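What follows is one structure encoded as structure tokens, with my remarks underneath.
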Amino acid sequence: MHGLVRQTSRLSWCLSAARIHTSPVQHAFWEREKKSGYKTKLPEPSKKELIINGFRDLKEEIKLWRQEVKEKLESDPILVFRPGETDIVFDFKAPDVLDKWTVTTDSDHGEGKSNATLELSAAGAGLFHGEVSSQHTKDGVIKRTGYANIRTKRVRKSFKRETTYDWTQYNMLVLKVRGDGRSYLINLHTEGYFDLLWNDIYHYVLYTRGGPHWQIAKIPFSKFFLASKGRIQDRQNAIQLNCVTHFGFSVAAKKGMDGPFGLEIDYVGVEFDPNHREEFAYEMYKTPKYIVAT
């Protein structure tokens, strides 16, 4: 009898010990949301407002669908992608162009004191200007700040269908800009389906001369390098030009560059240069499969 009680108590102790986890649990490859912890809650419309806005947008969505069908039937790849000609993607002389862009700074979430605005200039171009400051909130968490950013909204088809830009026939990014002498970062977002790919961005630097004259910058897509959450990745690969979801510019207050900034953008386009044959400009490192970044 005493042996049976002893075995029962030993079994119950083993079952309770099995529930104790001595190894740390890490959720390094899973994120709850695309904003990576920035939970700025926006007001949600009521069901009545959703129905009213839905009927209001229905006419525009049908018009957009008709335009898609028309472009599909009329498009000819031989005529559309002609070498040496720049096809405009973002033109600031188009109506309602400012509604397609989003401006963000470090002050949006109470992390810094930068401010920025995107508006039309006197020349009819887009003017991205403001002031960046490296002063951050003294909360013991934020260590570095001082940035401003503009980004296009997610490209979509009719009836709210998300899609991507298809620039596979091109190899050059063409920009007509007028800057203040600062260096700006060009961002090509290739947001993937899984959370590990949400923050994949290809970068390259735009050097501006300053002064009253416009400059045309031609940057090969082969020069863009892969980064995620501000960290350049060890395992690099050329950008997939049919997976671009957003386009944008960033400016930072690094190395004492606090103060006002201004970038005037006339247009952003793409071009096919038959003389440029480089596929990727950077050396490919062979790393183990379990290493994804530094």
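What you see is a predicted model; the values in this text were computed from it and never measured.
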With a 4.5 Å heavy-atom cut-off, do Gln169 and Phe272 have their side chains touching?
no
Does one side chain, of Glu278 or Ser222, offer a donor that lies under 3.5 Å from an acceptor on the other?
yes
Any side-chain heavy-atom pair from Arg156 and Leu64 closer than 4.5 angstrom?
yes
Apply the test ring-ring contact (aromatic ring centres under 6.0 Å, His included) to residues Tyr204 and Tyr202: give CA-CA distance (whole Å), side-chain angles for both, the deciding distance (0.1 Å), then the verdict.
CA-CA 7 Å; Tyr204 197 74; Tyr202 284 82; over 10 Å; no
How many angstroms lie between atom CG of Asp258 and atom NZ of Lys113, to the nearest 0.5 angstrom?
11.5 Å
Short question: side chain of Asp106, backbone of Ser114 - any donor-acceptor pair under 3.5 Å?
yes
Looking only at atom types and distance, does a side-chain atom of Asp273 sit under 3.5 Å from a main-chain N or O of Met172, one as donor and one as acceptor?
no
Rounded at 0.5 Å granularity, tell me how far CG in Leu98 sits from CZ in Phe92.
7.0 Å
Does Ile201 belong to the same Ile/Leu/Val/Met/Phe/Trp/Tyr cluster as Leu241, with side-chain heavy atoms less than 4.5 Å apart forming each link?
no
Okay, side chain of Arg178, backbone of Pro212: is any donor-acceptor separation there less than 3.5 Å?
yes
Assert yes or no for the condition that the ring centre distance of Phe247 to Phe90 is strictly below 6.0 Å.
yes
When you group the ILVMFWY residues by side-chain heavy-atom contacts below 4.5 Å and let the links chain together, are Val205 and Ile219 in the same group?
no
Determine, step by step, whether Asp166 and Asn242 satisfy the side chain to side chain contact (heavy atoms under 4.5 Å, CB included) criterion, reporting the C-alpha distance in whole Å, the side-chain angles of both residues, the deciding distance to 0.1 Å, and the verdict.
CA-CA 4 Å; Asp166 189 359; Asn242 61 341; 3.5 Å; yes
Would you please test Lys218 and Glu271 for salt bridge (charged side-chain N to carboxylate O under 4.0 Å, His left out) and show each step?
CA-CA 9 Å; Lys218 292 187 177 182; Glu271 180 182 316; 3.4 Å; yes
Please report the closest heavy-atom contact between Pro83 and Pro274, naming both atoms and the distance.
CB-CD, 4.0 Å
Check step by step if ring-ring contact (aromatic ring centres under 6.0 Å, His included) holds for Phe261 and Phe128.
CA-CA 8 Å; Phe261 68 92; Phe128 174 45; 5.0 Å; yes
What heavy-atom pair brings Gly262 and Asp180 nearest, and what distance separates the two atoms?
N-OD2, 2.8 Å
Thr208 side-chain N/O to Arg182 backbone N/O, donor-acceptor pair under 3.5 Å:
yes
Non-hydrogen atoms of Leu206 and Ala217 that approach each other most closely:
CD1-CB, 3.9 Å
Quick check: does any side chain N or O of Gln233 sit under 3.5 Å from a backbone N or O of Arg231, one acting as donor and the other as acceptor?
yes
Taken to the nearest 0.5 Å, the spacing of Thr105 OG1 from Asn115 CG works out to 7.0 Å
Rounded to the nearest 0.5 Å, the CD atom of Glu44 sits from the CD atom of Glu49 at a distance of 11.5 Å
Could you check if a side-chain atom of Val132 sits within less than 4.5 angstrom of a side-chain atom of Tyr147, using non-hydrogen atoms only?
no
Go through Lys93 and Asp266 one step at a time and tell me if the salt bridge (charged side-chain N to carboxylate O under 4.0 Å, His left out) criterion holds.
CA-CA 8 Å; Lys93 293 181 176 60; Asp266 189 6; 2.6 Å; yes
pair Ile150-Leu263: side-chain heavy atoms closer than 4.5 Å
no
Under a 4.5 Å cut-off applied to non-hydrogen side-chain atoms, are Val177 and Tyr184 in contact?
no
Closest heavy-atom pair and its distance - Asn187, His203
OD1-ND1, 2.7 Å
Ignoring hydrogens, what is the shortest heavy-atom contact between Tyr207 and Ser183? Give both atom names and the distance.
CD2-OG, 3.4 Å
Between Leu175 and Ile265, is any pair of side-chain heavy atoms under 4.5 Å apart?
no
Just verifying a value: how many Å separate Tyr165 OH and Thr245 OG1, rounded to the nearest 0.5 Å?
9.0 Å
Pairwise distance OH(Tyr267) to CG(Asp87) - rounded to 0.5 angstrom:
11.0 Å
Minimum heavy-atom separation for Lys153 and Thr102, please, with both atom names.
CG-OG1, 3.7 Å
Are any of the side-chain heavy atoms of Lys160 and Glu61 separated by less than 4.5 Å?
yes
